[in-house]
Amino acid sequence: MNYLLTKNNITVENSFKINLENTFNCGQCFRWNRLFDGSFVGVAFGKVLSIKTDENKLVFKKTTMNDFENIWADYFDLNLNYDLIEREIAKIDSHLKTVTLFSPGIRILKQDSWEALCSFIISQNNNIPRIKGIIERLCQSFGEKIEDSFFSFPTAQTIAELNENDLAPLRCGFRSSYIIDAAKKVASGEINLQKIKTLPLNIARSELMKIKGVGPKVAECTLLYGMHRLDAFPIDVWMKKAMQNIFPEKSPADFGKYAGIAQQYIFHYARMTKLKEF
DNA sequence: GTCCAGGATCGGA
DNA sequence: TCCGATCATGGA
């Protein structure tokens, strides 16, 4: 992967054809927002980034070469050939081809595992705009100020010191006790996220489900988005409908080692179209 | 007013 | 093991 430093921007050939709009708005992350000029601004790993696509180039703004090499190249998974994977997925089934063509260029962001765990605990029985609001209030209340109105995601150690009343301003309802339990288990090391990353999928899943408020769906999202386990396959209400309507003969195992990526295309298609064609 | 949102927990069959 | 009620909040 070749990159170039020009006028405080870092430019990369978009050879694997990432689509930022589809990547940020497919329900995997909650801290990226689109600006009027078409760029996106967000926070990850305690750093602010502005990013846009310019013809067939990716332009990283508001960052440094050091952060690009140590954080963003990995976060956007720039060394994995998603273009090839997308075409492989499309070959499996004609309906998979349909959903990849509907919103191409999605990639699975390599998010921080604690942030993904906490975010998807908040996501349960909730909608995406409200999830984003709760997470933003969580960061403003307990994260560290980076610059202007940007705050880091609070650490598990910070949240572990709090009680449910402290989380009342978030208005996250019954999920507050789940967040506290997750923070305490992670901060104490009772749940070791770094170790779970390397465990076999079924064992990793059951480890995560030792946390109160973490069931099969949240565990699967943590594995896929926070641990980059690309064979993890979260099934929510939309995925359940999509599997019944579009793929009645198929199971997640039929989608191969990149089933999680296939899942992301299916989910986004289902949510955008509301499955009116099926 | 009712229904729903990237669900999980609990108690009772 | 399975099923339904319930959980807190806000928008449609």
Side-chain angles (χ1 to χ4, degrees), chain A residues 21-32 99 102-103 106-109 111-138 140-141 153 162-186 191 205-247 252 255 259-276 278:
Chain A
E21 176 80 28
N22 294 335
T23 295
F24 289 134
N25 290 327
C26 68
Q28 63 173 318
C29 57
F30 304 101
R31 299 207 66 199
W32 291 91
V99 299
F102 178 78
S103 59
I106 290 178
R107 50 190 69 185
I108 304 296
L109 300 170
Q111 302 179 63
D112 174 70
S113 52
W114 158 248
E115 178 174 337
L117 169 63
C118 192
S119 296
F120 281 92
I121 286 174
I122 291 168
S123 80
Q124 66 179 259
N125 195 231
N126 212 339
N127 60 64
I128 289 177
R130 212 170 79 86
I131 296 164
K132 291 182 75 168
I134 291 169
I135 290 174
E136 213 43 50
R137 290 191 288 278
L138 175 70
Q140 286 178 11
S141 303
F153 197 92
L162 307 174
N163 59 46
E164 289 182 42
N165 291 335
D166 297 321
L167 297 186
L170 307 184
R171 289 175 314 215
C172 65
F174 59 87
R175 304 165 191 84
S176 57
S177 64
Y178 300 163
I179 296 170
I180 301 283
D181 186 67
K184 285 189 167 148
K185 288 193 167 83
V186 170
I191 298 291
R205 195 180 285 132
S206 59
E207 272 300 301
L208 290 168
M209 286 172 62
K210 289 178 180 173
I211 298 167
K212 201 176 301 176
V214 177
K217 159 64 168 62
V218 173
E220 214 69 2
C221 286
T222 305
L223 285 161
L224 180 58
Y225 307 126
M227 300 182 175
H228 209 61
R229 301 294 290 264
L230 296 179
D231 50 344
F233 198 90
I235 299 178
D236 72 310
V237 289
W238 281 112
M239 280 303 295
K240 194 171 289 180
K241 285 184 211 166
M243 291 302 285
Q244 288 169 351
N245 295 0
I246 310 178
F247 305 101
F255 298 147
I261 300 179
Q263 175 273 152
Q264 207 61 38
Y265 283 105
I266 298 167
F267 171 79
H268 192 52
Y269 179 87
R271 207 166 79 86
M272 291 297 111
T273 66
K274 302 190 184 304
L275 297 173
K276 282 175 182 166
F278 289 90

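We name chains A, B, ... by the order of the sequence lines, and we start the count at 1 in each one.
The listed nucleotides are C:dT9, B:dG6, B:dG7; the one nearest the side chain of A:Arg171 is C:dT9. The side chain of A:Asn127 lies closest to B:dG6, out of B:dG6, C:dC7, B:dT9. Looking at the side chain of A:Arg175, the nearest of the listed nucleotides B:dG6, C:dA8, B:dA8 is C:dA8. Of the listed nucleotides (B:dA5, B:dG6, C:dG10), C:dG10 has the atom at the smallest distance from the side chain of A:Arg130. The side chain of A:Tyr225 has B:dG6 as its nearest neighbour among C:dA8, B:dG6, B:dA8.
Mapping A:Lys212 and A:Gln263 onto DNA chain B by nearest heavy atom places A:Gln263 at the nucleotide closer to the 5' end. The residue among A:Arg271 and A:Tyr178 whose nearest nucleotide of DNA chain B is located toward the 5' end is A:Arg271.
Salt-bridge formation is detected for the pair A:Arg31/A:Glu136: a Lys NZ or Arg NE/NH1/NH2 atom is positioned less than 4.0 Å from an Asp or Glu carboxylate oxygen. Salt-bridge check for A:Lys240 with A:Asp236: failed, with every basic side-chain N at 4.0 Å or more from each acidic carboxylate O.
With centroids closer than 5.5 Å and planes inclined by less than 30 degrees as the test, A:Phe120 and the base of B:dG6 fail to qualify as a stacked pair.
A gap of 15 Å separates the C1' atoms of B:dC4 and C:dT6, to the nearest Å.
The number of heavy-atom neighbours closer than 6.0 Å to NZ of A:Lys217, taken from other residues, nucleotides and ligands shown, is above 12.
Rounded to whole angstrom, the span from the CD atom of A:Glu164 across to the P atom of C:dT9 amounts to 12 Å. Protein atom NZ of A:Lys210 is 19 Å distant from nucleotide atom C1' of B:dT9, rounded to whole Å. The nearest whole Å value for the distance from the CE atom in A:Met209 to the P atom in B:dG7 is 15 Å.
The ring of A:Phe30 has its center closer than 6.0 angstrom to the ring center of A:Phe120.
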